Engineer: 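Got a structure for you, questions after.
In what follows, chains carry the letters A, B, and so on, assigned in the order in which the sequence lines appear, proteins first and then strands, with residues in each chain numbered from 1. As the structure is a computational prediction, the values presented were derived from the model and not from experiment.
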Amino acid sequence: MTDQLPTTFSPADIEARWYQHWEEKGLFRPERPDAEPFTIVNPPPNVTGSLHIGHALDNTLQDIVVRYERLRGKDALWVVGTDHAGIATQMVVERQMEERQDKRTNYSREDFVDKVWEWKHESGGTITRQLRRLGCSMDWSREQFTMDEHFTKAVLKTFVDLYNDGLIYRDKRLVNWDPKLKTAISDLEVETQDLKGSFWHFKYPLEDGVTLADGRDYIEVATTRPETMLADMAVAVHPTDERYASVVGKHVVLPITGRKVPIVADEHADPELGSGAVKITPGHDFNDFEVGKRAGIAAADMLNMLDGEANVCQTSDGLVPEEFLGLHRFKRAKEDGGTPGARELVIERLKEQGFLIPHIAKTKKGEEQELDAEPRTIATPFGDRGGVVIEPWLTDQWYVDAEKLAAKPIEQVKSGEIEIIPQSWEKTFFNWMENIQPWCVSRQLWWGHRIPAWFDDQGEVYVALSEEEAQSKAGAGVTLTQDPDVLDTWFSSALWPFATLGWPNETDLLEKHFPNNLLISGFDILFFWDARMMMMGQYNMGQAPWPKLYLHGLVRAADGAKMSKSKGNVVDPLGLIDEFGADALRFFMAAMESQGRDIKMDNERVKGYRNFATKLWNATRFCQSNGIGASRTLAAPEARLAANQWIIGEVQQTVEALDAAMADLRFDAAANTIYQFTWSRFCDWYLELIKPLLVKDDDQPPAPPAIIAETREVAGWALDQILVMLHPFMPFITEELWAAQGNLNGTDRSTYPLITAKWPNPRAEVSKEATDAIDWTIEFTTNARAARNELGIAPGTKLRAVVPDPSPMAMKVFAGNGAAAIERLSKVGPFMMIGEIGENNVPGPTPKPAMEITAGDDVILVDLAGVIDVAEEKARLEKAMAASIKEAKTLEGRLGNANFVERAKPEAVEKAKADFAHHSAEAERLTAALARLG
RNA sequence: GGGCGUAUAGCUCAGGGGUAGAGCACUGUAUUGACAUUGCAGGGGUCCCAAGUUCAAAUCUUGGUACGCCCA
């Protein structure tokens, strides 16, 4: 801790020091056994991850809330930990192996998993270090990991319970298969992209001499995936389609494979699309799977023509010609050294055999042109991790009956038991939850929670918490093999709000901190995580995991584009912290976070908040050099001086506004409130108002010692209130200044650090007279400065003034210590108060030429003799007069409207009348002033 | 195809039935005195368009346009 503040604020010099101090002293979670709990859980970042700008936003918002609640005295707990992130982590370790010409399959499963653990211990701490740099006040003493022993216990119990309740089941159906990662993934992990593709038309010859009504001996089908015809099992037409009515129930013989397949009637076939007939590949298309089932084909009998890497393999009926086996599903020859993919070869063979119907297109010149296929935009599914096209693939997987689990959360959001902020997300939430599909939770990976299911030789499954238990279910002597698959990462993170607190054990922590109070997350994980926590919270705990869900947007690049590594427009939050300080970055995030909108990155704005920190630093230095140190009371000190009373009142209003903003989770409003107060009120006015009392000025008599003492006390108190209120947003600089203020006047703050200080509670009575006096002073000063600027009067020129008919307010301002402040701020003075001066002490004549400055009800005449050309002052007055006349006319028109006077709210009419009176009087006054100038 | 969001100053954004605000940028000006990472002052807006409701619409309603996102 420094004795004297350095002249410039350097964030890097204080951040690490304070963070370490807080963490070492256990200040992120001081013991408060009797305090009201406040709990949030951090969305566990991937253990492989590093801090990106979205984390910075998400965690800043959470830290603001947690620090705020901690300052308000609550037993604030911010649960932190990391997610094992099955696919991502396994990919990272495999990639490193590849760099060493090594691969996963060179190891046994156990050895590979050991290697991942090793990697986790060595490199898994990056993101947690980075969260510390951001200043996040999480409870690191209880850092969690989704594969910790106790967490794993929670995962297994949940699986087994869901299974026993019939909410998890094994099913053979099409899944989204990632041929690169060779695992199933859930619907949510599939991202659809529009790609340019083609639409091919084929002839499928009719069997047994059957023809269509128009005599054709074939059915035309169209497809965007010609290669799948190798596993076609039917052709579907719409039941009401007259063109095909005669052939429903008949067969076609497929080209290439020679497979004989039925023509079925099914509503899936769209008569408007293409020929109205569609080829059906139940094993490789989600719609066709349903058509196939309706046509009576059991899942187990559906033909599969692709292996796990999506290369062609033999179908169970053995009809795929040799030359296709092993081919890539759709890679093109020129991309692969001359080997055609299955798609290309299918087209080639169909064309050779006359089964391809060319597409007739017109060239730009209007000439007809024959193409193999019709160009088309195709919505293509990609795996979000592997980045390759997803293949619908027929496998056995574990599914969670999400529809049943979703029922209660839907109700809870509808009833308001769970509030989603901003509310506009509710519709999206309902739309997804009400149409939710079974959740595929098994993954063909090695890293993750192994599924607690064992199979015997007959394929019978035993789900149990342990192998022993499974064995006892199966009976002694039965050989059991555990399911090799692991669970979807999101299955375990869905348990985060309670498994991190000890569940399934009944711990005190769980008792006290579940349900949590709030969840803050990006909207991008609303379905992945938030919704699933609701389901699992309800299932395991019988209630919602939190009553409030706050969803924030994305941080976008400066041009509004989504940040992505591939675009190279990613902004590194650590770089911003290095450049501007963590406090500035945090304040930026808060100030930009308005509900329901994404944040565009703006380095200039971050810089602006760095400047704000510097401003506060320098204001504190000013206080220190004038003997203003730490306050010793939470309540506002007794104050007599108007400026002191005024700032106390301003603090009070600021706390109220801040509390209101925080209650509504309006981070932008909260940040702006404290920003404006600190800079525009405290620095720009209050410190300037009290300067004459503190700084020696030969022209002014020194202020009474009692007033000086009071001022020091109030100023120190007000600064402390700023530090407390600003602390959630800018924890580092505020803690540094808090300590420095304590050091200055020997207030021991080592046992009362800012992070666990008390939230302001001024409870002060402020006289309206005092605040009015300061408002008067500010108004006069502002008007005088504007007039001086407009007339081009040199800033240093001091101007004598006369107040011909001072109001009681003016009398009060000048009778107190206001005169010195006004003279200093406006460079106007000394003032002659004519009303105050007796007959025998008449000052000189009213100054001429004079400029008229108003404040409240007063008109002050400022002597311009020898200072300025009269014409310029006339121009100024004329401009002001024109403005007043315009305003008055508008108001006069409104007041002349009978409808307005009769129907408008009385307050509106009153206000219009008052404004009209004011502006007409002003216009009159200015007319008179112009006349006086001649 | 369905849903959602956004449109306000040059830029990034608040606000909101009674003629508009912030930060940055811009212009003028000030430098021994907390701070030039500063002070003071100033210019700058048909609040996307149209219709409706209303005494009054930038604000509410409806329709449109543009951009963005999500789902199918």
Engineer: In this structure, how many angstroms lie between the P atom of B/U37 and the CG atom of A/Asp583, rounded?
Structural biologist: 19 Å

Engineer: Taking the minimum atom-to-atom distance to the side chain of A/Arg666, which one of B/C40, B/G15, B/A34 wins?
Structural biologist: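 The listed nucleotide nearest to A/Arg666's side chain is B/G15.
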
Engineer: Which pair of heavy atoms, one from A/Ala670 and one from A/Leu658, lies closest together, and at what distance?
Structural biologist: O-CD1, 3.3 Å

Engineer: Could you check how far CH2 of A/Trp685 sits from C1' of B/A34, rounded to whole Å?
Structural biologist: 17 Å

Engineer: Within the pair A/Lys427 and B/G2, is there a side-chain N or O less than 4.0 Å away from OP1 or OP2?
Structural biologist: no

Engineer: Whole angstroms only, please: what is the CG-P distance between A/Asp602 and B/G10?
Structural biologist: 17 Å

Engineer: Take the protein atom CZ of A/Arg681 and the nucleotide atom P of B/G39, then report the distance between them rounded to whole Å.
Structural biologist: 14 Å

Engineer: With a 4.0 Å cut-off on N to O distance, would you call A/Glu873 and A/Arg876 a salt bridge?
Structural biologist: yes

Engineer: On RNA chain B, nearest-nucleotide positions of A/Ala619 versus A/Phe9: which is more 5'?
Structural biologist: A/Ala619

Engineer: Roughly how far apart, to the nearest Å, are B/U19 and B/A58 at atom C1'?
Structural biologist: 9 Å

Engineer: If you check the A/Lys600 side chain, which of B/C13, B/C70, B/C35 turns out closest?
Structural biologist: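 That would be B/C13.
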
Engineer: Roughly how many Å is it from CZ in A/Phe523 to C1' in B/C71, rounded to a whole number?
Structural biologist: 14 Å

Engineer: Write down the distance separating the P atoms in B/G68 and B/U12, rounded off to the nearest Å.
Structural biologist: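 B/G68 and B/U12 have their P atoms separated by 15 Å.
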
Engineer: Phosphate oxygens OP1/OP2 of B/G39: is one of them under 4.0 Å from a side-chain N or O of A/Trp679?
Structural biologist: yes

Engineer: Under 4.0 Å between any heavy atoms, over every strand shown, what does A/Arg605 touch: base, sugar-phosphate, or nothing? Just pick one.
Structural biologist: base

Engineer: So A/Arg610, base contact, sugar-phosphate only, or nothing? Heavy-atom distance under 4.0 Å.
Structural biologist: base

Engineer: Centre-to-centre under 6.0 Å for A/Phe612 and A/Phe729, is that the case here?
Structural biologist: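 Ring centroids of A/Phe612 and A/Phe729 are no less than 6.0 Å from each other.
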
Engineer: Given that A/Glu790 and A/Leu687 both sit by RNA chain B, which one's nearest nucleotide is further toward the 5' end?
Structural biologist: A/Leu687

Engineer: Name the nucleic acid region contacted by A/Asn672, choosing base, sugar-phosphate or nothing; use a 4.0 angstrom heavy-atom cut-off, strictly under.
Structural biologist: nothing

Engineer: Please tabulate, one pair per line, each protein N/O and nucleotide N/O from nucleotides 5-7 of chain B that are separated by under 3.5 Å, including the distance.
Structural biologist:
from, atom 1, to, atom 2, distance (Å)
B/U6, O3', A/Arg597, NH2, 3.2
B/A7, OP1, A/Arg597, NH2, 3.2

Engineer: Classify the ring geometry between A/Trp679 and A/Tyr675 as parallel (under 30°), tilted (30 to 60°) or perpendicular (over 60°).
Structural biologist: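 The arrangement is tilted - the two ring planes meet at 30° to 60°.
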
Engineer: What is the distance from atom CG of A/Leu825 to atom OG1 of A/Thr777, rounded to the nearest 0.5 Å?
Structural biologist: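 Atom-to-atom, A/Leu825:CG and A/Thr777:OG1 are 8.5 Å apart.
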
Engineer: Select base, sugar-phosphate, or nothing to describe what A/Thr192 touches, counting heavy atoms under 4.0 Å on all strands.
Structural biologist: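 No contact at all - A/Thr192 keeps every heavy atom at 4.0 Å or more from the nucleic acid.
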
Engineer: Of the listed nucleotides (B/A34, B/U29, B/C40), which one gets closest to any side-chain atom of A/Pro795?
Structural biologist: B/U29

Engineer: Quick check on B/U38: is either OP1 or OP2 less than 4.0 Å from any side-chain nitrogen or oxygen of A/Asn611?
Structural biologist: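 Answer is yes, contact under 4.0 Å.
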
Engineer: Ignoring hydrogens and angles, are the base of B/A30 and the side chain of A/Lys827 linked by a donor-acceptor pair under 3.5 Å?
Structural biologist: no

Engineer: Once you apply a heavy-atom cut-off of 4.0 Å, does A/Asp684 come out as touching a base, just sugar-phosphate, or nothing?
Structural biologist: sugar-phosphate

Engineer: Can you tell me, in whole Å, how much space there is between the C1' of B/G33 and that of B/A14?
Structural biologist: 37 Å

Engineer: Taking atom C1' in both B/C24 and B/G43, what distance in whole Å separates the two?
Structural biologist: 16 Å

Engineer: Whole angstroms only, please: what is the CE-C1' distance between A/Met433 and B/G3?
Structural biologist: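 After rounding, the gap between these two atoms is 17 Å.
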
Engineer: Could you measure the distance from the CG atom of A/Asp598 to the NZ atom of A/Lys562? Nearest 0.5 Å is fine.
Structural biologist: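 Those atoms lie 9.5 Å apart.
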
Engineer: Ignoring hydrogens and angles, state whether a donor on the side chain of A/Glu779 or A/Thr782 is under 3.5 Å from an acceptor on the partner side chain.
Structural biologist: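 Note: A/Glu779 and A/Thr782 side chains miss the donor-acceptor criterion.
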
Engineer: Can a donor-acceptor pair under 3.5 Å be found between the side-chain atoms of A/Glu593 and the base atoms of B/A14?
Structural biologist: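 Checked by distance alone, the answer is no.
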
Engineer: Which residues pass the side-chain hydrogen bond (donor to acceptor under 3.5 Å, both in side chains) test with A/Asp720, not counting sequence neighbours?
Structural biologist: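 So A/Asp720 forms a side-chain hydrogen bond (donor to acceptor under 3.5 Å, both in side chains) with A/Ser631, A/Arg749.
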
Engineer: Are A/Pro728 and A/Met662 packed together at the side-chain level, in the sense that at least one heavy-atom pair is separated by less than 4.5 angstrom?
Structural biologist: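 No, their side chains stay 4.5 Å or more apart.
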
Engineer: If you look at every strand shown and take non-hydrogen atoms under 4.0 Å, does A/Lys905 touch a base, only sugar-phosphate, or nothing?
Structural biologist: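 Here A/Lys905 touches the bases of the nucleic acid.
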
Engineer: Give me the distance, rounded to whole Å, that separates B/U32 from B/G39 when you measure between the C1' atoms they each carry.
Structural biologist: 16 Å

Engineer: Can you confirm whether the side chains of A/Arg894 and A/Asn897 place a donor and an acceptor under 3.5 Å from each other?
Structural biologist: no

Engineer: Could you grab the distance from atom CG of A/Asn611 to atom CG of A/Leu616, nearest 0.5 Å is fine?
Structural biologist: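 Those atoms lie 12.5 Å apart.
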
Engineer: Which is true for A/Lys886 with a 4.0 Å heavy-atom rule: it touches a base, it touches only sugar-phosphate, or it touches nothing?
Structural biologist: nothing

Engineer: How would you label the contact of A/Gln676 with the nucleic acid (heavy atoms, under 4.0 Å): base, sugar-phosphate, or nothing?
Structural biologist: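 The residue A/Gln676 makes sugar-phosphate contact but no base contact.
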
Engineer: Starting at the 5' end of RNA chain B, what dot-bracket string do you get if Watson-Crick and G-U pairs under 3.5 Å are bracketed, crossing pairs use [ ], other-strand pairs use | and unpaired bases use dots?
Structural biologist: (((((((..((((....[..)))).(((((.......))))).....(((((..]....)))))))))))).

Engineer: How would you label the contact of A/Cys683 with the nucleic acid (heavy atoms, under 4.0 Å): base, sugar-phosphate, or nothing?
Structural biologist: base

Engineer: Measure CD/A/Gln193 against C1'/B/A72 and give the value in whole Å, please.
Structural biologist: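 Going from A/Gln193 (CD) to B/A72 (C1'), I get 16 Å.
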
Engineer: Output the rounded distance in Å from CZ (A/Arg556) to P (B/C67).
Structural biologist: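 Roughly 15 Å, once rounded to whole Å.
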
Engineer: Where the side chain of A/Met592 is concerned, which of B/A22, B/C40, B/U12 is the nearest nucleotide?
Structural biologist: B/U12

Engineer: Is A/Lys615 side chain donor-acceptor paired with the B/C35 base, going by distance under 3.5 Å alone?
Structural biologist: yes

Engineer: Taking atom P in both B/C13 and B/A72, what distance in whole Å separates the two?
Structural biologist: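 Taking atom P in both B/C13 and B/A72, they lie 29 Å apart.
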
Engineer: For B/G44 versus B/U53, give the span between their P atoms, rounded off to a whole number of Å.
Structural biologist: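 My reading of the P atoms in B/G44 and B/U53 gives 35 Å.
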
Engineer: On the 0 to 90° scale, with breaks at 30° and 60°, tag the A/Phe667-A/Tyr550 ring pair as parallel, tilted or perpendicular.
Structural biologist: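 Plane angle over 60°, so perpendicular.
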
Engineer: Go through it in stages, so that I can follow the logic: the residues are A/Phe580 and A/Phe588, the test is side-chain contact (heavy atoms from CB on, under 4.5 Å), and I'd like the CA-CA distance, side-chain angles, deciding distance and then a yes or no.
Structural biologist: CA-CA 11 Å; A/Phe580 303 112; A/Phe588 166 79; over 6 Å; no

